[in-house]
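To start, the structure itself, in structure tokens.
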Amino acid sequence: MKKYDYIVIGSGPFALNLSTGLKHSNKKVLIVEGDKFGGICLNYGCEPKIFLEGAAKTVLMSRQLVGKGISQPATINWKDLMKRKNQIFEPFPDNVAKGVELENSDTLKGMASFVDSHTIKVDNEEIYGEKIIIATGQKPNKLPIEGSELTFSSNDVLSLDTLPERIVFIGGGFVSLELAVILNAAGAQVEIVEFADRPLTAFYSEHVKDVVQEMEDQGIKFHFNHAISKVDKNGEKYTVTSKHGLTIETDYVVDASGRVPNIDNLDLDKIGVEYNRGGILVNDYLETNVKGVYAAGDVVSKNPSIAPKLTPTSIFEAEYLSNYFLGETNRPIKYPVIANAAFTFPQVAQAGMDISKALENEDYEVVNFDLTTDFSYTGTNDYNAKLSLVFDKNQKLVGASEVSQTAADDINNFVDIIGLGLDKKDWREKFLPIFPALSFKTRDFI
């Protein structure tokens with residue numbers, strides 16, 4: 001039986017960064033992957049999505065400026081865009097596997113399952129690991145409705161060679177709204193059906209309202225307070241029906257109702273690892289209730305206000321665990337300020353304290369700013385650009401939220417200020433950013 005010091009099940013951002021952290025440790029590391037090396041983010045998630053968003057954002061910004069300096073908006077050729085996307089991304093899984101091996105880690109392709117707390121089985125081969133880390137991430141959810149098998153996932157959308165004329169998304173989360181913007185910009189008629197009364201519940205509601213407004217201005221239709229009951233297919237057409245009588249005929253149906261922990265094939269019950277709907281349960285050292293078995297990344301059940309399920313969170317956990325395994329720290333994990341964004345159009349982003357909670361607490365001051373008069377935003381006709389900042393009683397910045405075409409980059413200006421605990425005096429005296437970017441003009445806000 002082959003033996004390793006560390007076995008990582010899953011090859012996403014966590015595995016890649018743990019491998020880097022252990023590179024010079026003389027420890028034997030094995031990374032096992034049941035699908036494509038690089039995991040969801042690289043193959044089916046944030047990386048290909050942000051690539052496509054580049055073209056979509058260009059098109060939508062050009063539309064905003066028709067009659068304001070641009071005479072003809074840009075358009076997307078979907079086949080050309082997907083051809084280029086495939087050319088860029090197809091080599092990545094092999095390159096990732098080769099890169100991991102250069103970090104002195106072994107790789108193995110196949111589905112892993114537990115035999116006992118120190119042994120996994122991959123294609124009938126048993127392999128021993130002194131420590132085993134589960135980092136299998138999440139997978140698209142399938143709603144328990146009639147016709148569920150007729151729906152497609154976000155993975156399928158990111159591989160569409162031909163753009164459907166009409167598309168329905170079930171769900172109003174990140175995946176749904178981000179892909180809806182891209183497909184609509186490419187020319188599809190998009191409708192979103194959401195069970196709740198609003199989408200993007202992780203973000204400040206007032207800023208999300210502006211996102212919805214602009215997406216509707218782009219031609220995307222929203223249907224709130226509708227629970228889907230069934231999906232039918234007649235020939236090449238689909239019919240989506242809600243419990244409240246909504247009926248939509250379409251060419252393509254995407255189940256974007258969320259993501260669930262990817263643990264079905266691991267045989268966790270065999271060794272007694274505890275988990276819930278949110279994922280695997282771990283302690284403050286990312287260890288499960290079974291000694292020597294750890295879990296990290298999106299497969300872990302987490303408090304989203306402290307550790308949202310994002311690629312940077314997984315990377316941070318990899319850095320922590322590599323230091324912990326090497327004896328460079330014995331402290332429990334403590335998460336930093338983690339910023340978050342939805343790459344819609346406009347974008348919405350936030351970091352630190354939730355704006356809604358701050359408004360309910362007299363210990364905090366929320367200051368709102370209209371950015372639309374600033375030339376950086378006027379120049380792209382960013383007509384809903386707004387920023388909200390939260391200060392505590394010591395005048396320290398503790399939270400920020402923005403809706404704008406550049407919200408993700410803008411909020412990055414505030415993450416370090418929040419994380420370092422700078423007060424307004426420090427903010428004004430210790431650095432001068434580039435003018436006329438937002439990071440300089442924030443001096444005017446204090």
From CA spacing to verdict: side chain to side chain contact (heavy atoms under 4.5 Å, CB included), Glu53, Phe345: CA-CA 9 Å; Glu53 193 246 359; Phe345 190 89; 5.9 Å; no

Decide whether [X] and [Y] meet the rule of one side-chain donor and one side-chain acceptor closer than 3.5 Å.
X      : Y      : answer
Ser19  : Glu103 : no
Ser117 : Lys291 : no
Asn303 : Tyr335 : no
Asp156 : Tyr252 : no
Thr107 : Glu101 : yes
Asn141 : Ser257 : yes
Asp116 : Thr119 : yes
Tyr238 : Glu236 : no

Donor-acceptor contact present, side-chain [X] to main-chain [Y], <3.5 Å:
X      : Y      : result
Glu317 : Gly297 : yes
Asn95  : Pro91  : yes
Asp197 : Asn225 : no
Lys36  : Leu42  : no

For Leu179, the option from Leu52, Thr344, Val157 that meets side-chain contact (heavy atoms from CB on, under 4.5 Å):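 Of the listed options, the one satisfying the test is Val157.
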
Residue that, paired with Tyr275, satisfies side-chain contact (heavy atoms from CB on, under 4.5 Å) out of Leu268, Ile134, Asn289: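 Filter result, single survivor: Leu268.
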
Residue pairs involving residues 87-106 (criterion ring-ring contact (aromatic ring centres under 6.0 Å, His included); sequence neighbours excluded):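 Sorted result for residues 87-106: Phe51-Phe89, Phe89-Phe92.
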
Candidate pair Phe14 and Tyr294, rule ring pair (Phe, Tyr, Trp, His ring centres under 6.0 Å), full reasoning: CA-CA 12 Å; Phe14 171 85; Tyr294 294 76; 9.7 Å; no

Side chain to side chain contact (heavy atoms under 4.5 Å, CB included) involving Ala227 - partner list, sequence neighbours excluded: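 Once residues adjacent in sequence are excluded, the partners of Ala227 under the side chain to side chain contact (heavy atoms under 4.5 Å, CB included) criterion are Phe195, Lys243.
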
Asp5/Lys28 salt bridge by N-O under 4.0 Å criterion: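 No, Lys28 and Asp5 are not salt-bridged.
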
Side chains of Phe174 and Phe343 in contact at under 4.5 Å (non-hydrogen atoms):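 Answer no - side chains too far apart.
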
Parallel, tilted or perpendicular: ring planes of Phe224 versus Phe222, cut at 30 and 60 degrees: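 Geometry flag for Phe222 against Phe224: parallel rings.
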
Criterion salt bridge (Lys or Arg N to Asp or Glu O under 4.0 Å) on Arg259 and Asp298, from CA distance to verdict: CA-CA 10 Å; Arg259 303 184 74 85; Asp298 290 358; over 6 Å; no

